[in-house]
A.B. asks: 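Let me begin by handing over the structure; questions about it come next.
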2 protein chains.
Amino acid sequence: MTKNNAADNETDALKIRTMEELSTRVGISRPTLSRYFQDAGSVRPSTRQRIEAALRDIDYVPNFFATKMNRKSTGLIGVIVPHLSDLFYTSLIEAIETTALETDHMVITQNSLGDPVLEARAIQNLISMSADGVIMAPIGEASSLSAVARLKEHLPTVFVDSRFPNEFQDVDYVGTNNTQSVSLIVDYLCRSGESPVFLGMPRLNSNSLERENAYRASVTEHGFEAQVIAPGIAQSGWNFEEYGFRLMDEYFSRGQYVGDTILCANDRLAIGAIRAVHRHRLFKPDAGRGKTVRIAGHDDHPLSAYVYPSLTTVAQNSTAMARAAVEQLVDQISNGRRSGAGVVRRFDAELRLRDSA
Amino acid sequence: MTKNNAADNETDALKIRTMEELSTRVGISRPTLSRYFQDAGSVRPSTRQRIEAALRDIDYVPNFFATKMNRKSTGLIGVIVPHLSDLFYTSLIEAIETTALETDHMVITQNSLGDPVLEARAIQNLISMSADGVIMAPIGEASSLSAVARLKEHLPTVFVDSRFPNEFQDVDYVGTNNTQSVSLIVDYLCRSGESPVFLGMPRLNSNSLERENAYRASVTEHGFEAQVIAPGIAQSGWNFEEYGFRLMDEYFSRGQYVGDTILCANDRLAIGAIRAVHRHRLFKPDAGRGKTVRIAGHDDHPLSAYVYPSLTTVAQNSTAMARAAVEQLVDQISNGRRSGAGVVRRFDAELRLRDSA
DNA sequence: CTCCCATTTTTACGCGCGTAAACTTTGCAT
DNA sequence: ATGCAAAGTTTACGCGCGTAAAAATGGGAG
């Protein structure tokens, strides 16, 4: 097709485009071929060998659309994330893909780019593809409500990482146990030094408020006063590093805060905060307790171990979350939609003690 | 469908599932509806209004598979990447998605997870979907050859970021001008201090050797001797940070190298190398020329500006590369496949001077 | 009001394969 | 050999929509 077509013809003597052609070519009826392509083990071993022998020099693939057309299950799992340029989401996606591989599903990833309009379009696409189910990390804006409502009417849906605070309580949710994860790190910080100040993330999703509240509760329980820097500013975008740097730069400009401990709502904020720490020369690696600023994060971002100082944080179990999300989907698919409250599965985080606190 | 179905029925009086049903419901023939959904501007304004008015409370979406079935163009662009947990690839994907949005294409992203078997499956999927074209960042292993050969026989293909060194010279390629980018940073490093030692990346793709060769040529041209640490070890996986840390940790253990300059083949290696620098306490922020280790990278990874010290590097123009890749695809689609050598478009990189060198 | 062109409607077929039903062949135990 | 269940073949229909062709309708220019 590209160069001389004489060379091409030596192997693929005749171009097989449809299963019908394959049928006459191999000498096996189309229904049998159909069964073979859906489950190679469902045909007799001898005929399977005949088919596979022929397939070795035929170059035929069943048409994707035609195979999904007249079928109850498409074997497709949709995944919607707000961004790809965040290693937490990509970790989640890869874990979902790995899980889906085992259950023989294909995953269709849709990136909403933080835009509710594109999120709605992504939902539209997945509905029109009759996906078996959708795992969605919602942006969390109010303008998404109607689109998400349509989604859950049409397809089995599971929220992951984040959910809507008041709506869709009937939709399954898989996420981190923020109460546990935050109190875990607050406990550690309180015991090992000053009680932490909290750098909140923008109010982009449910984690923002949940973690902030968890901080308040935990630090109060330890007998300290909650102190929150930038309580979830609304419009701030997804550039967390820049956001964390900017706010902490201002913060440090207002005083010395030499012995402060800062707990960041996520690692990307912490990475930005660390940059501010260095700019104000507040990190003293060899100083004792109370002599250097301490930073802690949340999530265990893949690069947290490589920043300087390496980031003390709590690790979200994204593999378990991905697996659970797929499980909930499979459960909805096989057992049908339940009515009433959705299943909520929250996973505990683990402490990752490193050098920053 | 979830709760009481009395509430559901008030808006969607009758569930419209097919265009046929929509047709009788709205009172407009199916062929006209078909034209509307393919191009809303192709019907008379008055009928368009009638359709859209009806659509406001109907909740109908044309079936994805049926619409792609009997059509010359599917409007699908496939993207295959070796990994999602690398912000360079995700930047590229998001740029491609943004570009595709303008040309009204939908992008199907396939992650090969660094596995040639999965890469072959991804190719299979895209062929079976009759994608209009495929943008592929190949893993680069020999076992991929036959699958890629099939791909380029079936669909317009463009390699991006990396290509095969000896095969598929007839396939379009969009990448960074490694000769320019590397000599740019080598020039700077030579002029501002010691000539750089080179930390090569594993031989996972064509960039590995290209950048190493570019380093050798450039540093020799400056009258220095090329010195390469770990010349592209073959089997090493994609965990570049760990790889960079491990090798530089060993390297620094063998001596002091106080005034050394290390140029890393990419930023992720550099981030690992910086960790090794800190472990050996070789970074002295206030030391003068020749008194502290200097590190430089390549790519301008999104986090390069946030590590400490912030990473001096050269920025790949991933936006331009994404746009060019789509352009080449569109060109192949509309003008047909050309024979002979593929179009090669390489983009220059820009220096990003920061604190690490 | 008439004529004409642009839209729309009717009618019909096809895309490639899933799948059901009835029949025929195969393989293996008795 | 005989019998029977498993597997394969024939036949036929349907999925939801693209699309072509011919006929019917509409609206604006004259």
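Computed from a prediction, not measured in an experiment: that's the story for all the values here. Naming: A, B, ... by sequence-line order, numbering from 1 per chain.
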A.B. asks: If you only use heavy atoms from C-beta on, which nucleotide in dG8(D), dC17(C), dG14(C) is closest to the side chain of M19(A)?
C.D. replies: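 Out of dG8(D), dC17(C), dG14(C), the nucleotide with an atom closest to M19(A)'s side chain is dC17(C).
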A.B. asks: Would you mind telling me which of dC17(C), dG16(D), dG14(C) lies closest to the side-chain atoms of T18(A)?
C.D. replies: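 Nucleotide nearest to T18(A)'s side chain: dC17(C).
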A.B. asks: Rounded to the nearest angstrom, tell me the gap between atom CZ in R71(B) and atom P in dG16(C).
C.D. replies: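 In whole Å, dG16(C) P lies 15 Å from R71(B) CZ.
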A.B. asks: Between C1' on dG27(C) and CZ on R48(A), what's the gap in Å once rounded to a whole number?
C.D. replies: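 Value for this atom pair: 19 Å.
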A.B. asks: Quickly work out the M129(B) CE to dC15(C) P distance and round it to whole Å.
C.D. replies: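 In whole Å, dC15(C) P lies 21 Å from M129(B) CE.
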A.B. asks: Whole-Å distance between dG18(D) C1' and E20(B) CD?
C.D. replies: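 Roughly 13 Å, once rounded to whole Å.
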A.B. asks: Output the rounded distance in Å from CG (N63(B)) to P (dG14(D)).
C.D. replies: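 Answer to the nearest Å: 18 Å.
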A.B. asks: Using the side-chain heavy atoms of M69(B), tell me which of these nucleotides is nearest: dC17(D), dC15(C), dT8(C).
C.D. replies: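 The answer is dC15(C), which lies nearest to the side chain.
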A.B. asks: Among side-chain atoms of Y89(B) and N111(B), is any donor-acceptor pair under 3.5 angstrom?
C.D. replies: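 No pair is found: no donor N or O on one side chain lies under 3.5 Å from an acceptor on the other.
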A.B. asks: Donor-acceptor pairs under 3.5 Å, side chain of residues 131-142 of chain B to any protein atom, not counting sequence neighbours: which ones?
C.D. replies:
residue, atom, partner, partner atom, Å
D132(B), OD1, S73(B), OG, 3.3
D132(B), OD1, T74(B), N, 3.2
D132(B), OD1, T74(B), OG1, 3.3
D132(B), OD2, S73(B), OG, 2.8
D132(B), OD2, G75(B), N, 3.1

A.B. asks: Report yes if a side-chain nitrogen or oxygen of T47(A) is closer than 4.0 Å to either non-bridging phosphate oxygen (OP1 or OP2) of dA7(D); otherwise report no.
C.D. replies: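 No, T47(A) has no side-chain N/O under 4.0 Å of OP1/OP2 on dA7(D).
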A.B. asks: So L92(A) and V81(A), side-chain contact (heavy atoms from CB on, under 4.5 Å) or not? Walk me through it.
C.D. replies: CA-CA 10 Å; L92(A) 209 54; V81(A) 293; 5.9 Å; no
A.B. asks: If I take atom CD1 in residue I16(A) and atom P in nucleotide dC17(C), what distance separates them, rounded to the nearest angstrom?
C.D. replies: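 It works out to 11 Å between those atoms.
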A.B. asks: What is the distance, to the nearest angstrom, from the CZ atom on F37(A) to the P atom on dG18(C)?
C.D. replies: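 These atoms are roughly 9 Å apart.
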A.B. asks: According to side-chain hydrogen bond (donor to acceptor under 3.5 Å, both in side chains), who are the partners of Y36(A), at least two apart in sequence or on a separate chain?
C.D. replies: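 For Y36(A) the side-chain hydrogen bond (donor to acceptor under 3.5 Å, both in side chains) partners, ignoring immediate neighbours, are E52(A).
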A.B. asks: Between N or O atoms, less than 3.5 Å apart, protein on one side and nucleotides 23-28 of chain D on the other: list the pairs.
C.D. replies:
none

A.B. asks: So, OP1 or OP2 of dT19(D): does either fall under 4.0 Å of a side-chain N or O from Q38(B)?
C.D. replies: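 Affirmative; the distance criterion is met.
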A.B. asks: Looking at R323(A) and E102(A), is any side-chain nitrogen of the basic one under 4.0 Å from a carboxylate oxygen of the acidic one?
C.D. replies: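 Looking at R323(A) together with E102(A), the answer is yes, because their closest N to O distance falls below 4.0 Å.
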A.B. asks: Heavy atoms only: give me the nearest Y173(A)-R163(A) pair and the separation to one decimal.
C.D. replies: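 Scanning both residues, the minimum pair turns out to be CD2-CD, 3.6 Å.
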A.B. asks: Distance check needed: dC15(C) C1' versus E21(A) CD, whole Å only.
C.D. replies: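 Checked: the CD to C1' distance equals 13 Å.
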A.B. asks: Under the side-chain hydrogen bond (donor to acceptor under 3.5 Å, both in side chains) rule, collect the residues that match up with N205(A), sequence neighbours excluded.
C.D. replies: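 side-chain hydrogen bond (donor to acceptor under 3.5 Å, both in side chains) list for N205(A), sorted by chain: empty.
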A.B. asks: Indicate the atoms forming the closest heavy-atom contact of S144(B) with E119(B), along with that distance.
C.D. replies: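 Reported closest heavy-atom pair: OG-OE1, 2.5 Å.
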A.B. asks: According to side-chain hydrogen bond (donor to acceptor under 3.5 Å, both in side chains), who are the partners of Q38(B), at least two apart in sequence or on a separate chain?
C.D. replies: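 Testing Q38(B) for side-chain hydrogen bond (donor to acceptor under 3.5 Å, both in side chains), a comparison that skips the adjacent residues, returns S34(B), R71(B).
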A.B. asks: Mind running a 4.0 Å heavy-atom check of residues 28-35 of chain A against DNA chain D and sending the residues that fall below it, in number order?
C.D. replies: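 Correct list: I28(A), S29(A), R30(A), P31(A), T32(A), R35(A).
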A.B. asks: Return the 5'-most residue of the pair R50(B), T67(A) with respect to DNA chain C, ranking by each residue's nearest nucleotide.
C.D. replies: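 Closer to the 5' end of DNA chain C: R50(B).
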A.B. asks: Kindly determine whether F159(B) and F164(B) satisfy ring pair (Phe, Tyr, Trp, His ring centres under 6.0 Å), including the steps that lead there.
C.D. replies: CA-CA 9 Å; F159(B) 289 138; F164(B) 289 83; 5.8 Å; yes
A.B. asks: Base, sugar-phosphate, or nothing for Y36(B), non-hydrogen atoms under 4.0 angstrom?
C.D. replies: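 Touches nothing.
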